[in-house]
Amino acid sequence: MFKTRLISGILLVAAALVFILAGGEVLLAVSCVVSLIGMYELYRVYKIERTAAAGAGYAAAVLYYLELYVHWIPDRMVFVIGLLIVLLAIYVLAYPKYHASQVTAVFFGVFYVAVMLSGIYQVRMREQGVYLVWLIFLCSWGCDTCAYCVGVKFGKHKMSPVLSPKKSIEGAVGGLAGTCLLTALYASVFRAQMGITGAQVAVLSAISIVGGLISMIGDLAASAIKRNYEIKDYGTLIPGHGGILDRFDSVIFTAPVICYLANYLL
């Protein structure tokens with residue numbers, strides 16, 4: 001199991017490296033496809049993955065990614081309201097096929113998966129985005145790895161004993177410290193290429209702490225949904241890891257945070 005997980009992890013990182021370095025239309029298309037798969041996994045939890053309501057959600061995700069590329073919607077609030085109206089229309093016209101919670105899940109899925117995950121593309125397309133985008137993964141996967149290592153060695157106090165009994169407060173602190181140090185090291189090494197000052201290295205390190213904290217919330221939130229519906233994994237697409245949502249649960253939360261903090265603080 002460990003060998004399978006390790007090989008899958010290496011291949012996943014390699015694929016991420018290729019697609020993110022490519023950027024542009026390639027990254028946009030891959031992000032859209034990954035989002036659609038993640039939405040399918042989420043909708044499957046609610047048993048609506050192949051319904052008209054879910055179809056509206058998938059279509060909305062595709063339209064959103066097209067909007068990121070061609071900027072065809074003058075106000076994105078129109079997109080939000082339009083999606084809600086379409087879903088409510090499906091709900092009432094097909095009544096009583098859907099439960100209200102299922103329609104809510106479709107609406108939630110578009111933003112929880114597609115919109116938030118699009119932060120990767122948005123950061124990558126910034127000036128110096130080819131360097132900044134890796135902060136997302138340092139704050140999510142880096143924090144998770146550091147938290148695991150510290151937690152196994154020093155973890156004594158449970159962070160969330162009911163939801164995730166293996167996670168400890170010591171591990172969480174180690175994860176945040178680790179991602180901060182990794183970010184500081186990364187930013188220092190690529191400081192010239194990124195065109196940032198020493199003060200901005202410190203800012204990025206501070207951003208990484210916030211990103212790491214948010215990544216933990218994302219991880220626990222995805223786990224909470226699984227606990228509510230008594231499932232082990234969202235899918236089996238990635239051997240040893242589960243589905244897209246199992247592997248990208250923390251990235252989903254970290255991506256928009258890094259995107260907006262980078263916009264306002266750099």
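Sequence positions, counted from 1, serve as the residue numbers for this chain.
- A ring-centre distance under 6.0 Å is not found for Y69 and Y65.
- The shortest heavy-atom contact between R247 and I238 is CB-CD1, 3.9 Å.
- Ring centroid separation for the pair Y229 and Y46 comes in under the 6.0 Å cut-off.
- In the hydrophobic clustering of ILVMFWY residues, with side-chain heavy atoms under 4.5 Å counting as a link, Y64 and V78 come out together.
- With hydrogens and angles ignored, the 3.5 Å screen pairs a side-chain donor or acceptor of R124 with a backbone N or O of I20.
- Here the closest non-hydrogen pair linking L245 and V113 is CD2-CG2, 4.0 Å.
- Rounded to the nearest 0.5 angstrom, C143 SG and I214 CD1 are separated by 11.0 Å.
- Two residues are said to be in side-chain contact when any heavy atoms from C-beta on lie closer than 4.5 Å; I196 and Q128 fail this criterion.
- Hydrophobic clustering (ILVMFWY, side-chain heavy atoms < 4.5 Å, transitive): I217 and L220 are in distinct clusters.
- Contact record, C146 with G178: SG-CA, 3.7 Å, taken as the closest heavy-atom pair.
- For the pair Y43 and Q102, the minimum side-chain heavy-atom distance is 4.5 Å or more.
- L36 places a side-chain heavy atom less than 4.5 Å from the side chain of V62.
- By the criterion of side-chain heavy atoms lying less than 4.5 angstrom apart, applied directly or through intervening Ile, Leu, Val, Met, Phe, Trp or Tyr residues, Y121 is grouped together with W72 in one hydrophobic cluster.
- For the pair V106/Y98, no side-chain contact is recorded, criterion being any heavy-atom separation below 4.5 Å from C-beta on.
- Residues L176 and M216 form a side-chain contact, since some pair of their non-hydrogen atoms from C-beta on lies under 4.5 Å apart.
- Y186 places a side-chain N or O within donor-acceptor distance of the main-chain N or O of Y131, the cut-off being under 3.5 Å.
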Trace of the side-chain contact (heavy atoms from CB on, under 4.5 Å) decision for L28 with M125: CA-CA 10 Å; L28 181 74; M125 299 313 293; over 6 Å; no

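- Remark: side-chain polar atoms of D144 are not paired, donor with acceptor, to backbone N or O of W141 under 3.5 angstrom.
- Between V251 and M116, the closest side-chain pair of non-hydrogen atoms is not below 4.5 Å.
- Summarising the geometry of D249 relative to A222, their closest heavy-atom pair is CB-CB, 3.5 Å, with the distance given to 0.1 Å.
- Under a hydrophobic clustering in which Ile, Leu, Val, Met, Phe, Trp and Tyr are joined whenever their side-chain heavy atoms come within less than 4.5 Å, directly or via other members, V173 and F154 fall into different clusters.
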side-chain contact (heavy atoms from CB on, under 4.5 Å) evaluation trace for K226 with D233: CA-CA 7 Å; K226 288 191 288 187; D233 294 315; 4.3 Å; yes

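- Between the S215 side chain and the C139 main chain, a donor and an acceptor come within less than 3.5 Å of each other.
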Verdict with reasoning, I244 to Y234, per side-chain contact (heavy atoms from CB on, under 4.5 Å): CA-CA 7 Å; I244 289 295; Y234 283 103; over 6 Å; no

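- Rounding to the nearest 0.5 Å gives a distance of 10.5 Å between CG of L204 and CG of L261.
- Exactly one residue among I136, L132, I120 makes a side-chain contact (heavy atoms from CB on, under 4.5 Å) with I258. That residue is I136.
- The nearest pair of heavy atoms linking M39 to G109 is CG-O, 3.8 Å.
- Separating the CG atom in L63 from the CG atom in L68 is a distance of 11.5 Å, to the nearest 0.5 Å.
- Residues V13 and F137 are not in side-chain contact: their nearest non-hydrogen atoms beyond the backbone lie 4.5 Å or more apart.
- Rounding to the nearest 0.5 angstrom, the gap separating the CG atom in L12 from the CG atom in L17 is 11.5 Å.
- Side chain of R227 to backbone of L163: a donor-acceptor contact under 3.5 angstrom is found.
- The backbone N or O of S250 lies less than 3.5 Å from no partner atom in the side chain of D219, so there is not a single donor-acceptor pair.
- More than 12 non-hydrogen atoms from other residues, nucleotides or ligands lie less than 6.0 angstrom from CZ of F111.
- With values rounded to the nearest 0.5 angstrom, I209 atom CD1 is found 9.0 Å from L181 atom CG.
- You'll find the side chain of F253 reaches within 4.5 Å of the side chain of Y112, heavy atoms only.
- Atom SG in C180 sits 11.5 Å away from atom CG in L185 (nearest 0.5 Å).
- By the 6.0 Å contact criterion, CD on Q193 is enclosed, its count of non-hydrogen atoms from other residues, nucleotides or ligands being greater than 12.
- Put simply, Y260 and L213 are part of two different groups of oily side chains (I, L, V, M, F, W, Y) that touch within less than 4.5 Å, one to the next.
- Within the structure, side-chain hydrogen bond (donor to acceptor under 3.5 Å, both in side chains) contacts touching residues 152-161 (residues at least two apart or in different chains) are H157-E170.
- Closest approach of I48 and A105 over heavy atoms only: CD1-CB, 4.5 Å.
- Distance alone, capped at 3.5 Å, is enough to place a donor-acceptor pair between the Y58 side chain and the E49 backbone.
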